[in-house]
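In what follows, a structure is listed as structure tokens, so that the remarks can point back to it.
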Amino acid sequence: MHMRLLVLYHLSCAYESLRSNRSRTILTILGVTIGIASIIVIMALSAGASRIISDQVDNLGGAVAVVRPGTTDTEPQLNNITSALAGNKTASNLTEYDLEDVVEVKGITSAAPLMIIGGDVTAGDNTPKEVSIIATTPELIDVTDLTIREGQFMDTVTSRETAVIGAQLAVDLFGTEQAAGRTFQTHGKTFTVIGILKRSNNPINYNNVDFDHAAIISLESGKLFNQNVASIQQINIRAINNEQLPSIIKQVNKKIAQNHFGEQDFTILAGSELARPASELFYAIGATLTIVAGISLLVGGIGVMNIMLVGVAERTREIGIRKALGASNSHIVWQFLLESLVMGLLGGLLGYGLGYVVAFAVARTFLTFNPVFNWEIVGMTLGIALVVGLLFGLYPAIRAARKDPIKSLRQYH
Amino acid sequence: MSAATTPPVIALKGLKKRYGMGDAEQTVLDGIDLKIERGEFIAIMGPSGCGKTSLLNILGLLDHADDGDYLLDGRSVDTISNGRRARIRSEQIGFVFQSFNLIPRLNVIDNVALPLTYKGISKTKRLLEASKILSTFHLSEREYYMPWQLSGGQSQRVAIARALVNDPSIILADEPTGNLDSRSSHVIMEELSDIHQRGNTIIMVTHNPNLTSYASRVITMLDGKIATDTKAPRQKRSKSALKRRLDAQRKTVKKPKKTTPKKSKKGAK
């Protein structure tokens, strides 16, 4: 009771004191605001980036797993956010025999390979720089979050020389998204476009392929360009349901391991693991940026401490009076600490708002995904803001409380 | 009479206080023995540097004595914690300063209510108490003035109201009239005298020998020691003080009477 009343009293004191020095308070709070805002921008955007992939998996019902060559340690693939797996240096050891065995596993509704081939595609004078050629089977449409905008996807009866291309590739090649029936050349062969994918604007996905820039051809053609060997970078698997997924993964693992003479030279990822490669990169960038933001927050905190020390010096006489009238050291500590906490908290709240405005502006202008709002970020921000207020207010407050009342009363003001 | 049953409000024995170190060491209080009973009005006189203010600071628990005993209400306060000292200041001691020491950011009523804050009294009750005490000082209409809008005499009356608001056992006044002209000084002394009449214990440090006439006991100090300690014929002094006060009040009451006949005259015309 006693304490609660005093906290209320000190809060009103803090409000009064902050209000009476308005411009200086605003500038100090601004320092904290900027620091908090930069942290918010980074957290909201990196959370947004890692949510994209989990959303894609959810769109497919969640029961998705992928098989990739190499072990988890040797498989960061972090550089493949927008470019294809073609840049991968290790040769893939997944083959169509593995795919055949995987398809036989009970509980798998469909499975499709991703064989990524280097090289250019050309139509007339146009040879777009940014392109991924993907050789796959018709099942891909079932195991990947893809939508056909025009025409059709490959099926069992379409000819080898047909292709489905991404919307942006269509524009780059033919100057229009209405490209069905047009032809392009790659590896000395001519392909007819039978379908255009709906623009996904989603370079971040668990296939590590930007489908907007992809030319999808049949696995047979892909093999042809690779001396008749299917070198598969990823097998996408979709299971009947989530409950069976773990046992299916176990069986897939067993089958492929048999083909590979018992060597565990491949990795099966499912659930949140799918998001890992991309989000790890984002968290790495995020961590770096957070340190930078942390430094700006530190500067903001030093501003708070500076202004609090000025306030303590200015109010030395007041401290003396208050002590003479019965204020204990802890009363004085609380009086000043609450002032800095209020500044920290106001900075936190404003920074939260500003951070989201900036995050949205950045996302809309430069990125293909939205920042994420969640209670974790709210809690963390307010926590950080309070810690800043506490940390940088404590020393001035203790200094205020330690002042000798007699000397303080003698100070002229 | 009552002294036999209740302990003196203040009892000092061999109180010593030194400042500085080594060659610069200076003894400001050199063995003070003093007993102050409840209801006394004490004036402490003496030249500058004789230790009056240091004594007052120790009595008010703002400072520690280096040596000797200090019993407040019969209990020793030499070894208690800083927190307890603050508690005692808030509950038993009221300060009146030469320079008023109102907090400039707070209005009159908030200044007066300040000591109650540290006793943990709720805001409404604090303001009620402060308002009550301000009305006894005829300052009700000044409750929401800021300190800089008050005259020196008014400021000091507000400060006295603040010292009294938590009903302390002793009031310590350090040259309460030092910054005031002689007319305001007497108004303030009348107030203190009035408070004394109501049974409060007052210890006042002053340079002005004229003001000792209000006190019931005059102590003069020299070089950190008590030089003289004389009890004034209390009844007579206070009576005359009271009389003067009543006279002053009568005068103020008369003033409006003066205006009413004027009005009636106008009416008659």
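From a predicted model like this one, the values you see are computed outputs, not experimental measurements. The basis for the numbers below is simple: all heavy atoms, side chains too, and nothing from hydrogens, waters or symmetry mates. Convention: sequence-line order gives letters A, B, ...; per-chain numbering from 1.
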**Request:** For the pair A/E16 and B/L106, evaluate side-chain contact (heavy atoms from CB on, under 4.5 Å) and give the outcome as yes or no after the intermediate values.
**Result:** CA-CA 9 Å; A/E16 271 305 316; B/L106 301 180; 5.6 Å; no
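- Within a 6.0 Å sphere centred on CG of B/D66, heavy atoms belonging to other residues, nucleotides or ligands number more than 12.
- In this structure, CG on A/N329 lies 5.5 Å from CG on B/N82, to the nearest 0.5 angstrom.
- Listed here is the closest heavy atom pair of A/A324 and B/R89: O-CD, 3.7 Å.
- Counted within 6.0 Å of CZ on B/R105, heavy atoms from surrounding residues, nucleotides or ligands total more than 12; the atom is thus considered enclosed.
- Using non-hydrogen atoms only and a strict 4.5 Å limit, the part of residues 47-62 of chain B facing chain A consists of B/N57, B/L62.
- Other residues, nucleotides and ligands contribute at most 12 non-hydrogen atoms within 6.0 Å of the CZ atom of A/R364.
- Contact annotation for A/R315: only side-chain heavy atoms (C-beta onward) come within less than 4.5 Å of a heavy atom of chain B.
- Shown here is B/Y19, whose OH atom has more than 12 heavy atoms of other residues, nucleotides or ligands within 6.0 Å.
- Results of the side chain to side chain contact (heavy atoms under 4.5 Å, CB included) test with A/I321 over B/L102, B/I103, B/N111 single out B/I103 as the only residue that passes.
- If you measure heavy-atom distances from B/R85 to chain A, you find no contacts under 4.5 Å at all.
- Atom OG of B/S90 and atom NE2 of A/H331 lie 8.0 Å apart (nearest 0.5 Å).
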**Request:** Mind running side-chain contact (heavy atoms from CB on, under 4.5 Å) on A/Y9 and B/L114 for me, showing each step along the way?
**Result:** CA-CA 10 Å; A/Y9 171 75; B/L114 195 61; 2.9 Å; yes
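- For B/R198, the CZ atom counts as densely surrounded, since its 6.0 Å shell holds more than 12 non-hydrogen atoms of other residues, nucleotides or ligands.
- If you take NZ on A/K323 and OH on B/Y118, they are separated by 11.0 Å, rounding to the nearest 0.5 Å.
- When A/S20, A/S328, A/S12, A/A327 are compared by the number of non-hydrogen pairs under 4.5 Å with chain B, A/A327 comes out ahead.
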